[in-house]
Amino acid sequence: MSLFPTYKRHPVHFVDGEKAVLTDAQGKRYLDFGSGIGVTNLGHKHPRVLEALMEQARAVWHVSNLFEQPLQVKVAEKLCQITGLDAVFFCNSGAEANEALIKLARKWAKDAKIIHEPEIITFTGSFHGRTLATLTATGQEKVKTGFDPLPPGFRTVPYGDMEAVKKATRTTTAAVFLELVQGEGGVRPADPAFVRELADWCKEKEILLMIDEVQTGIGRTGEWFAYQVYGIKPDAISVAKGLGNGYPVGAVVADSRLKPVLGPGTHGTTFGGNPLAMAVCDAVLTEIGQTGLLEQVREKAEYLKKKLDDLVRSLPAVREIRQKGLMVGIELDEPAAPFIRQLLENGLVVLPAGEKVLRLLPPLIVSEEEIGQAVSVLHQTLSQTKIGV
Ligand SMILES: *Cc1c(COP(=O)(O)O)cnc(C)c1O
């Protein structure tokens, strides 16, 4: 096989998808409670999204950012309206959006605060991507091993530890950067009191508060963005995964005072914000905005919680369940991988998050019936002890 052995893959080939259901090459059907990795939030083959892509594909695919792109303006205006922020930069992935956030914070610190070597505070357990800067920002050693020398300018403190943030804050601190629900780190929602205190601290010290909404964004937690669930106002956010429902796209959305920081020639991308991506994003944002989907996400999340409480929480293999909206982590007493394989065998796709956590990220359009089915498969599979041997 001529691919790098980068991924450990399940021996399953999905050939078709519709809403929350995937079909493999043998015709076996699976309930998709992974949505890729929190990407296909509107499900597979969503009619509005599919039509938007097809229509744009028949017109023009790519023109570069040297020419006007009215669709970028349209989608940016929607993102600004949703967030109350003022400036958008489009790119192609989560890591690229976070990379742009890091560049934005550094250049803002140099321009506005005359800090020559700005620092960014990040947190243990976080995940921000695989580029050199974003893996340095990531608070997990395993993604860094073998890739040093790493860029300087990051200070990692324990997640949720306000005293540590205060101690790590210097005159050279440009920004604090965090996920409000750590996704890859095990579905760990931040403590609301910590988040409020952190937001106040950033304001007081004139430090940027930057939220990585790559996994939590676009409705996943029951609001457009997790920071809205927490009731804070960040200076900038990164968005990706759910934004294109599977079409690769990322974005930085930032406050007006950061707008002048990325002037002509300071940053760029060949593919970012291309017409295909923008047509899809426009359809995704319109669909969620017009259909009352966020309200439904909150209802479905409540239903999922009740079902998990009834059938899964008290199983001997389960240590803890953590949930924000349709983002769920089921922490087990033992490695999750054998259970994930068995769940797949039983027709349910779920994801890992760290070694011992099962992560559920169903599409936001999942039905209550499908939630019931999934929880019943979870109950059945997790009830079997010694599955790993
Ligand atoms: C997935 C993810 C990223 C990285 O996104 P890519 O598109 O894989 O580069 C960054 N931050 C968070 C929180 C993520 O979940």
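The analysis underlying the following values was restricted to heavy atoms, covering all of them including side chains, and did not include hydrogens, waters or symmetry mates. Only a predicted model underlies this, so the values are computations on that prediction, with no experimental measurement involved. Order of appearance sets the numbers: ligands from 1, and atoms from 1 within every ligand.
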Undergrad: For ligand 1, which atoms have a heavy atom of Ala95 less than 4.0 angstrom away?
TA: 4 (C), 5 (O), 6 (P), 9 (O)

Undergrad: More than 12 heavy atoms of other residues, nucleotides or ligands under 6.0 Å from CD of Glu369: yes or no?
TA: no

Undergrad: Within ligand 1, which atoms have a heavy atom of Asn98 less than 4.0 Å away?
TA: 10 (C), 11 (N)

Undergrad: Determine whether any protein heavy atom is located less than 4.0 Å from atom 8 (O) of ligand 1.
TA: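 Protein heavy atoms within 4.0 Å of atom 8 (O) of ligand 1 - there are none.
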
Undergrad: What atoms of ligand 1 come closer than 4.0 angstrom to any heavy atom of Lys241?
TA: 1 (C), 2 (C), 3 (C), 14 (C), 15 (O)

Undergrad: With heavy-atom distances below 4.0 Å as the criterion, list the atoms of ligand 1 near Ser93.
TA: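 Result: 7 (O), 9 (O).
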
Undergrad: Compare all side-chain heavy atoms of Ile237 with those of Val252 and state whether any distance is below 4.5 angstrom.
TA: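 Side-chain contact under 4.5 Å: no.
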
Undergrad: With no hydrogens and no angle check, is any side-chain donor or acceptor of Lys144 less than 3.5 Å from a backbone partner on Thr138?
TA: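 Yes, Lys144 side chain to Thr138 backbone: donor-acceptor pair under 3.5 Å.
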
Undergrad: Can you confirm, on distance only, whether ligand 1 has an N/O atom lying under 3.5 Å from any N/O atom belonging to Gln215?
TA: yes

Undergrad: Could an N or O of ligand 1 be found under 3.5 Å from any N or O of Phe127, whether backbone or side chain?
TA: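 Looking only at distances, the answer is yes, because the N/O contact criterion of under 3.5 Å is met.
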
Undergrad: Among Val239, Thr216, Leu180, which one satisfies side-chain contact (heavy atoms from CB on, under 4.5 Å) with Phe225?
TA: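 That would be Val239; it is the only one of Val239, Thr216, Leu180 passing the side-chain contact (heavy atoms from CB on, under 4.5 Å) with Phe225.
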
Undergrad: Return the closest protein heavy atom for atom 5 (O) of ligand 1 as residue, atom name and distance.
TA: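 For this ligand atom, the closest protein heavy atom is Gly94 CA, 3.3 Å.
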
Undergrad: Which ligand 1 atoms, with their elements, are less than 4.0 angstrom from a heavy-atom of Asp212?
TA: 10 (C), 11 (N), 12 (C), 13 (C)

Undergrad: For Glu179, take its heavy atoms, then give the atoms of ligand 1 lying under 4.0 Å from any of them.
TA: 13 (C)

Undergrad: Less than 4.5 Å apart, any side-chain heavy atom of Asp86 and any of Arg257?
TA: no

Undergrad: Count I, L, V, M, F, W, Y as connected when their side-chain heavy atoms are under 4.5 Å apart, and connections chain through other members. Are Ile371 and Val318 then in the same cluster?
TA: yes

Undergrad: State yes or no: are the ring centers of Phe123 and Phe177 separated by less than 6.0 Å?
TA: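 Centroid distance Phe123-Phe177: not below 6.0 Å, so no.
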
